[in-house]
Amino acid sequence: MKKLVQFCRECMGELAKVVWPSRSEAVASVKVVIFSTVVVALILGLLDMLFTEGLRLIF
């Protein structure tokens with residue numbers, strides 16, 4: 001039990017050192033992730049379509 005209490009205290013101490021992002025930084029990061037995800041999805045969809053059509057021509 002003593003080790004668990006010590007662990008929790010150390011966790012709280014480490015969390016106090018964390019520099020949390022501001023709301024605007026978090027929103028900007030989310031926008032980058034969503035944009036990147038959409039771009040990669042479009043590229044993969046295009047490649048899938050090209051490969052599918054290419055295989056249809058061959059077979």
- Query: Linking I/L/V/M/F/W/Y whenever their side-chain heavy atoms sit closer than 4.5 Å, directly or via other members, would V39 and L47 fall into one cluster?
  - Reply: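 Linked within one cluster.
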
- Item | Heavy-atom donor-acceptor pair, E14 side chain to C11 backbone, under 3.5 Å |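 Judged by distance alone, no pair lies under 3.5 Å.
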
- Query: Which value, rounded to the nearest 0.5 Å, describes the distance between D48 atom CG and I43 atom CD1?
  - Reply: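 That separation rounds to 13.5 Å.
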
- Task: Drop me the distance from M49's CE to L44's CG, to the nearest 0.5 angstrom.
- Result: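 Interatomic distance, M49 CE to L44 CG, rounded to 0.5 Å: 13.0 Å.
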
- Query: Is T37 close to V33 at the side-chain level, that is, under 4.5 Å between some pair of heavy atoms?
  - Reply: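 Answer yes - side chains close enough.
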
- Side-chain contact, heavy-atom cut-off 4.5 Å: W20 with L15?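 In contact.
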
